Novice: 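Pasting a structure here, questions to come.
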Amino acid sequence: MTTSSALPKQYDPSEVEPRWLRFWLENGFFHADETSPTVPYAITLPPPNVTGSLHIGHALGSTMQDILVRWKRMQGFNAMWMPGTDHASIAVHVLLEKDLKRREDKTRFDLGRDDFMKRAWAWKEKSGNRISEQEKLMGFSLDWARERFTMDDKSNAAVLEAFVRLYEEGLIFRAKRMINWDPASATVVSDLEVDTVEEKGHLWEIKYPFVDGSGEIIVATTRPETMLGDTAVAVNPKDTRYTAVVGKLVTLPLTGRQIPIVADPWPDPEFGSGAVKVTPAHDPNDFEIGQRHNLEAIQVIDAKGKMCAPAPAKYVGMTVDEARKAVVADLEAGGHLGEVKDHKVPRGRSQRSGAVIEPMLMDQWWVKAGPLAEKAAAAAETGKVKFVPELWTKTYMHWMTNIRDWCISRQLWWGHRIPAYYCTCGTTIVARTAPTVCTSCGKSDTLKQDEDVLDTWFSSALWPFSTLGWPEKTRALSTFYPNNVLVTGPDIIFFWVARMMMFGLHFMGKVPFRTVYLTSIVTDENGDKMSKMKGNVIDPLDIVYGASLEALLKRADSENAPDAAVKTIKKNFAKGIPSMGADALRFALAALNTSGRYIRLSIERVEGYRNFINKLWNASRFALMNLDGYDPERFEAQLTTQAGRQSLGMPERWILSRLQAVSNDVDTALEAFRFSDAANAIYHFVWHELCDWYIELAKPHLHQTEDLVQDQAKAAKRHVVQGVLATALETTMRLLHPFAPYVTEEIWQKLPKPPQLPGSLMITVFPRNDASFVDPAAEAEMKLIQDVAVGCRMLKATYGIEPAKTVPVGIRVSGDKAEVLKRYREAIERTARVKAQIGATFAGSSEAFTLHDGSADALTGVAGKEVINSEVEIVMPLGQIDVTAETARILKDIGKCDKEIGGLEKKLGNADFLARAPEDVVAEQRTRLSEEQSRKARLKDALATLEKAGKS
RNA sequence: GGGCGAAUAGCUCAGCGGAAGAGCGUCGCCCUUACAAGGCGGUGGCCGCAGGUUCGAAUCCUGCUUCGCCCACCA
C-alpha cells in the first residue's frame with residue numbers, strides 16, 4: 001500500500017519539473033524526424049530577439065504553441081517545433097550603445113566596427129543562452145537539434161541568396177529617395193519603425209518678397225528652419241488668389257536665393273495662406289512637388305541632425321531646434337515674419353531610440369513591394385492563409401493593398417552586410433561571393449563592399465524556410481514547409497507576418513503557414529502594457545520559481561531601470577512573487593487567453609491555477625492511497641466487454657461519460673484555437689465533477705474493510721471503482737498534459753496502468769472520441785442526485801446546521817424519479833450528510849415521518865422545505881425554526897416562479913409566437929410552464945403548512 | 001482625417017436570435033481521515049443609451065455616448 005508520506009500534501013514543482021525536463025530531453029522526445037512517414041505538423045517559434053531575456057508575452061505565445069505541438073504530437077502527428085533567436089539588429093545596437101555611453105562614455109564609432117561586433121557577439125551568446133534556458137524550463141517541447149540563429153552560417157547563406165536573386169529580378173534596387181533618418185542611431189529606419197505623435201508646435205507665416213518688388217507672398221510652415229533649403233513656393237492652380245503670381249520669382253529671406261512660384265495640386269487653399277514653401281530635401285511632400293517641377297533638392301540638415309552648408313554659415317553646426325529659434329529671430333528682425341499661431345504638429349519619432357525622425361533624401365536599398373504584396377494579398381483572399389481571430393485579415397489586407405517600397409539598408413554594423421560592391425569606376429556589383437575584379441572596368445583593388453547592413457526583418461522574412469535548409473532543397477523543407485500554424489502577436493503583422501508571406505510565396509511558391517493565430521497582448525493587472533521603463537514587466541521564471549522583492553530590485557538595478565520603475569516594483573511586488581511552478585503559469589496563460597485583445601495578468605490569477613494544480617495533485621494522491629490490489633489489465637478487459645460495461649454503477653458510467661464529453665470539448669476548442677475554453681473545460685471537470693462528486697461517491701467503496709475478504713461482491717465493486725478512478729485520472733492526465741506537462745507526467749508515471757503504454761505521457765495518445773462512453777441516462781440520473789444533495793445542503797446551511805452534522809431528511813417524490821433516488825440514497829446521504837427517507841408520503845403528518853432505518857422521528861415543530869422540481873421536494877424536520885425567515889425565503893422563491901410563469905404565459909398566449917416559432921421551441925416553453933406551475937403549487941403548499949405551524 | 005474593435009455581476013471575461021454564465025472577490029458556516037493552496041452554502045446584473053427588425057434581441061440593424069487600438073504626407 002502506498003502511504004501518504006510517499007506523496008507530500010502540497011505539490012512541489014521545483015522538485016518535479018527538472019526531473020522530467022531532463023527525462024524528455026535525454027530521450028529525444030522533442031525531436032521530429034523529417035523522414036518519418038507520419039503526417040507532419042510544424043510550427044516555427046517566432047525567434048525572440050537576443051536583447052535580454054523572455055518576458056511574459058513570449059511565455060504566452062510559446063505556451064500556446066507548446067499546447068498545440070504537444071497535443072498534435074499525442075494525436076500521432078510528426079510534430080516539429082523549430083527554435084531559434086533573432087539578431088535584432090537595431091535593438092541590440094541601441095542596447096549596446098547605451099551601455100557603451102554609460103560605462104565608457106563612447107559611441108560605436110569610437111569603438112570601431114570590429115570591436116563593436118565582438119561585443120555584440122558576446123552579448124548574443126549571453127542573451128541567447130538565457131532565452132533557450134528559459135524556454136527549456138517552461139517545458140517547451142522545441143526541437144533543440146534544429147536550433148538556429150538569424151546570423152548563423154546557414155541563415156547568412158539564405159540572406160545572401162535571397163538578396164542576390166531579388167536584385168537580379170529587379171525587386172531590390174538602390175535609389176535616392178526620401179527616407180526616415182534617426183539621428184540618435186545614425187541610421188535610416190523604415191516607415192514602420194516611425195511612430196507619429198502629435199506634439200505642440202507653432203505655425204509660422206513667413207513673407208517671401210517678389211523679386212520684381214511687386215509685393216510679397218506669405219507661406220505657412222511648422223518648420224521655419226527648413227526654409228534655408230527652400231527651392232520653390234507652391235500654390236494650388238485652382239486658387240485664383242495666386243493665379244497671377246505663378247511663374248514669378250521670390251527672394252528667399254536670409255539666403256538671398258531666388259526661387260520660383262509653381263502651381264501644384266498639393267497645396268490646400270483652405271490651409272494657412274494657401275501657399276507652401278517647398279523644401280525637397282527635407283519633407284516627403286515637398287520632395288514629390290520637387291519631382292513634379294524638376295526642383296533642386298538642397299540639403300541643409302546633415303546626418304547628425306545639425307544644420308550644414310549650403311545653409312548660411314551662421315546656422316551651420318546648429319541643431320535643428322537651435323536653428324529654428326535663430327531663423328525665426330532673424331526673420332522677425334528682417335520683417336519677414338507674419339502671424340505665429342499655436343499648432344499641433346505630427347512628429348515622427350524613432351520607435352527604438354525615441355529620437356525625432358528627420359526626413360532626408362538619401363541613397364538607400366529598397367525592396368519593390370508591389371509585386372510581392374499582390375501575391376501575398378491574393379493568398380489571404382483565396383483562403384490559402386487564414387487569420388485567427390479572423391478580424392486581423394482586414395488589418396493585413398489593408399496594409400498589403402496600400403503597400404510602399406521597403407527600405408532595407410541600415411547604417412549599422414550588427415546584421416547582414418549588403419552584398420553590393422562599388423567600383424571606383426562607378427559600377428555596382430551584387431554577388432554571392434566578393435568579386436576580385438570589376439566586371440566593368442576590369443580593375444582589381446578598386447572594389448569596396450557596401451558598409452550597410454540589412455533591416456533585421458529581412459532575415460526574419462526568410463525564417464520559415466531558411467531554418468529548414470533553404471536555398472538547398474532539403475528533406476526538412478519538403479516535410480515541414482509550409483508550417484501548419486504561425487503563432488505571434490498582432491503588433492508584428494506588418495513587420496513580420498506580411499513579409500514572410502511575401503518572401504515565402506516568392507521563393508517557395510507556397511504560403512509559409514496555413515493559419516496565423518494572433519495572440520492577445522499581455523498587460524499588467526491595471527491593463528498597462530508591460531515595459532521595463534515602467535517596471536511592470538514580469539519574467540516568467542519569477543512566477544515559476546518565485547522571487548523576493550530584493551532579487552527583483554537587484555535585477556532592476558543591474559538593468560539601469562529608471563526610478564519610476566523601481567517605485568512600481570516596490571509597490572506591485574512588495575511581498576515578492578511566490579513560486580507557482582511552470583504548469584500553473586502555463587495553465588493560467590491558457591485559461592486567460594480568451595479572444596480579447598488583452599490579457600490582464602496578475603499574480604493572484606496564477607495563484608488560483610496553482611491551487612488547481614495542487615487540487616489535481618491531491619486527487620491523485622487520494623487515488624494512489626486507495627489503489628492497492630488494483631489490476632489495470634483486468635479492468636481494461638472488463639471495460640472492453642458489453643457485460644463488463646454494464647456492471648459499472650451509475651456514478652462510474654456518469655464520470656466516464658463526462659470525461660468523454662470533456663475530451664471532445666477540449667479537442668473542439670483546440671481545433672479553433674480556443675485555449676481558454678479548453679483549459680476551463682478541464683478545470684471544471686477535474687474540480688467540480690471528478691473531485692467534488694466522483695471521488696466523494698467512490699470513497700465508501702474504496703475504504704478498506706475487514707469483510708472485503710469475505711464479501712466477493714464488495715471486493716469486485718471496489719475493483720471497478722478503483723479502475724474507473726484510475727482510468728479517469730489517467731485520461732485526465734493525457735487531456736491536461738499539453739497545458740501542464742510536468743505535473744501530469746509526474747502523476748501519470750505513478751498511476752497503475754496497462755503495461756503496453758509508452759514510457760512517457762508526452763508520447764502517449766491523446767484521448768480519442770469514443771461515443772460508446774456517452775451515457776445520457778447516467779448523466780440525467782446523476783443530475784437528479786446532485787440536485788437533491790445540493791437541496792439538502794442548502795436547507796442545512798439555511799438553518800445553520802454544521803455541514804458535518806448528519807440530519808434526517810424526507811424526500812417526497814412522485815413519478816419515476818423515486819426509483820433512482822432510492823437506488824442512490826446512499827450517494828445523497830454521503831454527499832449531503834443526511835439520513836434520507838424517500839417516498840410519496842411519510843408516516844404521520846407531512847412534517848413528521850419515519851426514518852428509513854425504522855426509528856420514528858415524529859416532529860412537533862416545523863420542517864424546512866425545498867422544491868427541487870415538479871416531482872421532487874425535500875422536507876427537513878428542524879424542530880423550532882424561524883418561521884418568518886423561512887416564509888420570506890419561500891415567498892422569494894414563489895416570486896421567482898411567478899415571474900417565470902408570467903413570462904411564459906404571455907409568450908404562449910401570443911398567437912404569433914404559436915404560429916411562427918418552431919414547434920420544439922413551443923413545446924419546450926409549455927413544459928417549462930407546467931413545471932413552474934407545479935413548483936409554485938408545492939411552494940404554496942409549504943407556505944400553508946408554515947403558516948399553520950406559525951399559528952400553533 | 002480614415003479604419004478596426006470594446007461597453008454583460010464589485011473585478012477580469014465568456015455567451016452573439018429562443019430560460020442571464022464562469023473564475024476571482026465578497027458574506028455566512030465548517031480544520032467532515034485527498035487537498036484550509038481545502039469543503040458547504042449565499043449575495044450580487046434596466047447585458048452603455050435611444051430607436052428599429054423579429055412571434056421573440058445581451059445577441060441582428062441604425063444612431064448616440066464613453067473608452068481602446070491601428071493606419072495617415074495637410075504645410
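Below, all heavy atoms of this structure are taken into account, side chains as well, without hydrogens, waters or symmetry copies. On a predicted model such as this, the values are computed, not experimentally measured, just so you know. Letters A, B, ... are given to chains in the order of the sequence lines, protein chains preceding strands, and every chain is numbered from 1.
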Novice: Any ion pair linking Glu931(A) and Arg928(A) (charged N to carboxylate O, less than 4.0 Å)?
Specialist: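 No.
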Novice: Which listed nucleotide (G68(B), A36(B), A75(B)) is nearest to the side chain of Arg597(A)?
Specialist: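 Side chain of Arg597(A) sits closest to G68(B).
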Novice: Quick one: which of C71(B), A37(B), A34(B) gets closest to the side chain of His398(A)?
Specialist: C71(B)
Novice: Identify whether any heavy atom of Asp692(A) sits under 4.0 Å from a base atom; if not, whether one sits that close to sugar-phosphate; answer base, sugar-phosphate or nothing.
Specialist: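 Counting heavy atoms under 4.0 Å across all strands, the contact made by Asp692(A) is with sugar-phosphate only.
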Novice: Do any side-chain nitrogens or oxygens of Trp687(A) fall under 4.0 Å of OP1 or OP2 in G39(B)?
Specialist: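 True: Trp687(A) side-chain N/O within range (under 4.0 Å) of G39(B) OP1/OP2.
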Novice: Any side-chain heavy-atom pair from Ser620(A) and Glu746(A) closer than 4.5 angstrom?
Specialist: no
Novice: When you check the gap from the basic side-chain N to the acidic O, do Arg889(A) and Glu866(A) get nearer than 4.0 Å?
Specialist: yes
Novice: When rounded to the nearest Å, what value does the distance between P atoms of C40(B) and A19(B) take?
Specialist: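 Result for the P pair: 29 Å, nearest Å.
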Novice: For A37(B), does the base pair up with any side-chain atom of Glu607(A) as donor and acceptor (N or O, under 3.5 Å, distance only)?
Specialist: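 Answer is no: no donor-acceptor pair is held.
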Novice: Examine U43(B): is either OP1 or OP2 under 4.0 Å from a nitrogen or oxygen in the side chain of Lys892(A)? Give yes or no.
Specialist: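 For U43(B), OP1/OP2 do have a side-chain N/O of Lys892(A) under 4.0 Å.
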Novice: Take His688(A) and Arg674(A), find for each the nucleotide of RNA chain B with the closest heavy atom, and name the residue whose nucleotide sits nearer the 5' end.
Specialist: Arg674(A)
Novice: Using a cutoff of under 3.5 Å, can you pull out all pairs of nitrogen or oxygen atoms linking the protein to nucleotides 6-9 of chain B, with atom names and distances?
Specialist:
none

Novice: Between Arg833(A) and Glu802(A), is there a side-chain N and carboxylate O pair less than 4.0 Å apart?
Specialist: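 Salt bridge flag = no for Glu802(A) with Arg833(A).
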Novice: Hey, which of Asp230(A), Asp286(A), Asp283(A) is the one that makes salt bridge (charged side-chain N to carboxylate O under 4.0 Å, His left out) with Lys277(A)?
Specialist: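 The residue from Asp230(A), Asp286(A), Asp283(A) that satisfies salt bridge (charged side-chain N to carboxylate O under 4.0 Å, His left out) with Lys277(A) turns out to be Asp230(A).
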Novice: With the side chain counted from C-beta on, respond yes when Lys896(A) and Glu932(A) share a heavy-atom pair under 4.5 Å apart, and no when they do not.
Specialist: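 Lys896(A) does not reach Glu932(A) side chain to side chain.
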Novice: Which whole-number value in Å describes the distance from Arg610(A) CZ to A37(B) P?
Specialist: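 For the pair Arg610(A) CZ and A37(B) P, the rounded distance is 8 Å.
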Novice: Between A75(B), A37(B), A34(B), which nucleotide has the shortest distance from any of its atoms to the side chain of Thr222(A)?
Specialist: A75(B)
Novice: Decide if the gap between the ring center of Tyr11(A) and the ring center of Trp617(A) is smaller than 6.0 angstrom.
Specialist: yes
Novice: Nearest whole angstrom, please: distance from the P of G1(B) to the CG of Asn402(A).
Specialist: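 For the pair Asn402(A) CG and G1(B) P, the rounded distance is 19 Å.
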Novice: What nucleotide, of C35(B), G38(B), A75(B), holds the atom closest to the side chain of Asn614(A)?
Specialist: C35(B)
Novice: For Tyr609(A) and Tyr683(A), take the angle between the two ring planes, folded into 0 to 90°, and tell me which bin it lands in: parallel under 30, tilted 30 to 60, perpendicular over 60.
Specialist: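 The rings of Tyr609(A) and Tyr683(A) stand perpendicular, inter-plane angle above 60°.
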Novice: Can Glu205(A) and Lys207(A) be counted as an ion pair, charged N to O under 4.0 angstrom?
Specialist: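 No.
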Novice: Quick one: is C24(B) close enough that its OP1 or OP2 comes under 4.0 Å of any side-chain N or O from Tyr683(A)?
Specialist: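 Yes, within the criterion.
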Novice: Report the secondary structure of RNA chain B in dot-bracket form, marking unpaired bases with a dot and bases paired to a different strand with |, and treating Watson-Crick or G-U pairs with both distances under 3.5 Å as paired.
Specialist: ((((((((.[[[[.)..(..]]]].(((((.......))))).....[[[[[..)....]]]]])))))))....
Novice: From G18(B), A75(B), A14(B), pick the nucleotide closest to the side chain of Trp266(A)?
Specialist: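 For Trp266(A), the side-chain atoms sit closest to A75(B).
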Novice: A side-chain contact here means heavy atoms from C-beta on lying under 4.5 Å apart; do Glu288(A) and Trp266(A) qualify?
Specialist: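 When only atoms from C-beta onward are counted, Trp266(A) and Glu288(A) do not touch, as no gap falls below 4.5 Å.
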Novice: Measuring only the C1' atom in each nucleotide, how far is C31(B) from G68(B)? A whole number of Å is fine.
Specialist: 47 Å
Novice: Between protein and nucleic acid, restricted to nucleotides 25-33 of chain B and to nitrogen or oxygen atoms under 3.5 Å apart, what atom pairs and distances do you find?
Specialist:
unit_1 : atom_1 : unit_2    : atom_2 : d
U32(B) : O2'    : Arg833(A) : NH2    : 3.2

Novice: With rounding to the closest Å, how many angstrom separate the C1' atoms on G15(B) and A22(B)?
Specialist: 10 Å
Novice: What contact category does Asp268(A) fall into here, base, sugar-phosphate, or nothing, at under 4.0 angstrom with non-hydrogen atoms?
Specialist: base
Novice: Is Pro918(A) touching bases, backbone alone, or none of the nucleic acid, heavy atoms closer than 4.0 Å?
Specialist: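 Base contact.
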Novice: Looking only at the side chain of Val921(A) (C-beta and beyond, no hydrogens), which of the listed nucleotides G18(B), C74(B), C35(B) gets closest?
Specialist: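 Output: G18(B).
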Novice: In a check of side-chain contact (heavy atoms from CB on, under 4.5 Å) between Pro578(A) and each of Val606(A), Ile603(A), Ile543(A), which one passes?
Specialist: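 Checked Val606(A), Ile603(A), Ile543(A) against Pro578(A); only one passes side-chain contact (heavy atoms from CB on, under 4.5 Å): Ile603(A).
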Novice: Can you tell me the distance, in whole Å, between the CD atom of Glu924(A) and the P atom of A19(B)?
Specialist: 6 Å
Novice: Can you tell me whether the side chain of Lys615(A) and the base of C35(B) have a donor-acceptor pair closer than 3.5 Å?
Specialist: yes
Novice: State plainly whether the residues Lys200(A) and Asp342(A) are in salt-bridge range, i.e. N to O under 4.0 Å.
Specialist: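 Between Asp342(A) and Lys200(A) there is no salt bridge, as every charged N stays at least 4.0 Å from the carboxylate O atoms.
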Novice: Nearest nucleotide by nearest heavy atom, which residue falls closer to the 5' end of RNA chain B, Leu914(A) or Gly608(A)?
Specialist: Gly608(A)
Novice: Answer yes or no: does a side-chain N or O of Arg404(A) lie under 4.0 Å from OP1 or OP2 of C73(B)?
Specialist: yes
Novice: Would you please confirm or rule out a distance under 4.0 Å between OP1 or OP2 of A14(B) and any side-chain N or O of Thr594(A)?
Specialist: yes
Novice: Given G41(B), A75(B), A34(B), identify the nucleotide with an atom nearest to the side chain of Arg793(A).
Specialist: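 The answer is G41(B).
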